[in-house]
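Indexing begins at 1, ligand by ligand and atom by atom, following the structure's order.
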Amino acid sequence: MARPKNDNFLRALLREPTDYTPLWLMRQAGRYLPEYCETRRRAGSFLDLCKSPSLACEVTLQPLTRYDLDAAILFSDILTVPDAMGLGLYFAEGEGPKFERPLREEWAIRDLTAPDPWDHLRYVMDAVAEIRRALANSVPLIGFSGSPFTLACYMVEGGSSDDFRRVKTMLYDRPDLLHRILAVNAKAVTGYLNAQIECGAQAVQIFDTWGGALSHAAYEEFSLAYMKQVIDGLTKTHDGERIPCIVFTKGGGQWIEKIAASGCDAVGLDWTTDLGAARRRVDGKVALQGNMDPLTLFASPEAVAKEATRILDSYGAADGGNTGHVFNLGHGINQHTPPDNVTVLVDTVHTYRKK
Ligand code: CP3
């Protein structure tokens, strides 16, 4: 199978020369788009939308119809994996994700097993295959999963949390129990990502949204070590093409060298890190992805263009030196973002090198 017609994203991840700096946006399909809200209404709920391969395919393509983005990302959620483990995911209106059966008891932790992705997560695999057919080799499709630790945060807390009290209490009091959850999660995530690759995902991203909430000492032991296990077990080539892997630890700026040594192809950065300094720190060993503050998109079009240009300058993207950079936001796009500012962002990034 040949690479997609626009393979700038894959080339940047593999540190090959590109025509321009490619970009995609975390949460590019979401509530800031009126067409997304329309499809979600038709689906009935967010989970019904995730569980319908044809509707998931429809919303995956919506941002690509509107904007000249260089990659599609599977529309789903990281919490489908613990849902498939039997925790009972639901979304209470305006409250975010919740689990009916959070992991608190020792017996439940001992009983936890990795789900078979071809059985309990079949709807995700069907969506991946359907999206690949619909993309018709125009741009690459990104598959994704939560990191073992980020999934554990939701599984133990039972939903979102502002202090991670339960999971951190477990980490300090009963590290053996947390390690047991993380080992199962690593196995689950590996199988889940490999099934997505089998169905056509051309790159994968591990979302370690909460790794940055850990202490310096705990990050390596409880988050990075398990992402490393996942990366070690990933299918490296499919249909004759390399499948690059991106690790995004939000708040992970101080661990860039360690993340870069995990075996990943690219490190995702939030906006608190200077991209040029990060580039010097990884010294060509991996590509970088990021890192505009998503809230920049609330400012004027001129301010959006200025900030995007500053980020490209800081990487050193002029003079064809942009090899190894994928432009992105430093976290998911905010649901109140004015959609027209995304057009300004895409144009600024794509025309930068031509100036
Ligand atoms: O990037 C994409 O466009 C792909 C889709 C995607 C979603 N969630 C859709 C979604 C991806 C990659 C995710 C990942 C995800 N989900 C993460 C990691 C990335 C991050 O943002 O840190 C996390 C922590 C979750 C868990 C989750 N899902 C939360 C905390 C919430 C509620 C937050 C909110 O914005 O309300 C969700 C719901 C969710 N996932 C929505 C979308 C579009 C909004 C649901 C809706 O339509 O009501």
Quick check: does Ser160 get an N/O under 3.5 Å from an N/O on ligand 1? no
Nearest protein heavy-atom contact for atom 40 (N) of ligand 1: which residue, which atom, what distance? Asp77 OD1, 2.8 Å
Could you state the interatomic distance from OG (Ser262) to OH (Tyr226), rounded to the nearest 0.5 Å? 15.5 Å
Using a strict 4.0 Å threshold on nitrogen-to-oxygen distance, state whether Arg122 and Asp126 make a salt bridge. yes
Give a yes or no on whether a salt bridge exists between Glu58 and Arg42, defined as a side-chain N under 4.0 angstrom from a carboxylate O. yes
Hey, looking at atom 5 (C) of ligand 1, which of Ala29, Ser76, Ala43, Pro294 has the closest heavy atom? Ser76
For atom 31 (C) of ligand 1, find the nearest protein heavy atom and state the residue, atom name and distance (0.1 Å precision). Pro97 CD, 3.8 Å
Using a strict 4.0 Å cut-off to heavy atoms of Gln28, name the atoms of ligand 1 that fall inside it. 1 (O), 2 (C), 3 (O)
Could you tell me the residue and atom name of the protein heavy atom closest to atom 38 (C) of ligand 1, and the distance to it rounded to 0.1 Å? Phe91 CE2, 3.5 Å
Name the option, out of His331, Gln335, Gln205, Arg40, that contains the heavy atom nearest to atom 21 (O) of ligand 1. His331
Per-atom contacts of ligand 1 with Met26, taking only distances under 4.0 Å to non-hydrogen atoms: 1 (O)
Name the closest protein heavy atom to atom 11 (C) of ligand 1, giving the residue it belongs to and the distance to 0.1 Å. Phe144 CZ, 3.7 Å
Looking at Thr209, which atoms of ligand 1 are within less than 4.0 Å of one of its heavy atoms? 18 (C), 19 (C), 20 (C), 22 (O)
Looking only at N/O atoms, are Thr150 and ligand 1 under 3.5 Å apart anywhere? no
Return yes when Thr60 approaches ligand 1 closer than 4.0 angstrom through a heavy atom, no otherwise. no
How are the rings of Phe9 and Trp24 set to each other: parallel, tilted or perpendicular (split at 30° and 60°)? perpendicular
Is it the case that Thr337 and Arg31 place a side-chain donor and acceptor less than 3.5 Å from each other? no
Is it true that Trp255 and His216 share a donor-acceptor pair across their side chains at a distance under 3.5 Å? yes
Which of these, Lys250, Arg41, Arg31, Glu95, has its nearest heavy atom closest to atom 33 (C) of ligand 1? Arg31
Ionic contact status for Arg41 with Glu35, cut-off 4.0 Å: no
Can a donor-acceptor pair be found, under 3.5 Å and without considering hydrogens, that links the side chain of Thr237 to the backbone of Gly240? no
What protein heavy atom is closest to atom 4 (C) of ligand 1, reported as residue, atom name and distance in Å? Leu74 O, 3.4 Å
Lys/Arg N to Asp/Glu carboxylate O, Glu257 vs Lys285, below 4.0 Å: no
Out of Phe46, Tyr36, Tyr154, the nearest non-hydrogen contact to atom 47 (O) of ligand 1 is supplied by Tyr36
Kindly assign one of parallel, tilted or perpendicular to the pair Phe91 and Phe46, based on the angle between their ring planes and the thresholds 30° and 60°. perpendicular
Working to the nearest 0.5 Å, report the span between CD of Gln62 and CZ of Phe75. 9.0 Å
Relative to the ring of Trp210, is the ring of Tyr154 parallel (under 30°), tilted (30 to 60°) or perpendicular (over 60°)? tilted
The protein heavy atom nearest to atom 13 (C) of ligand 1 is Arg27 NE, 3.6 Å
Looking only at heavy atoms, is any part of Leu49 under 4.0 Å from ligand 1, and if so is it the side chain, the backbone, or both, or is it neither? neither
Among all protein non-hydrogen atoms, which one is nearest to atom 14 (C) of ligand 1, and what is the separation to 0.1 Å? Ile78 CG2, 3.7 Å
Any heavy atom of Phe248 closer to ligand 1 than 4.0 angstrom? no
Atoms of ligand 1 less than 4.0 Å from Phe207 heavy atoms? 12 (C), 18 (C), 19 (C)
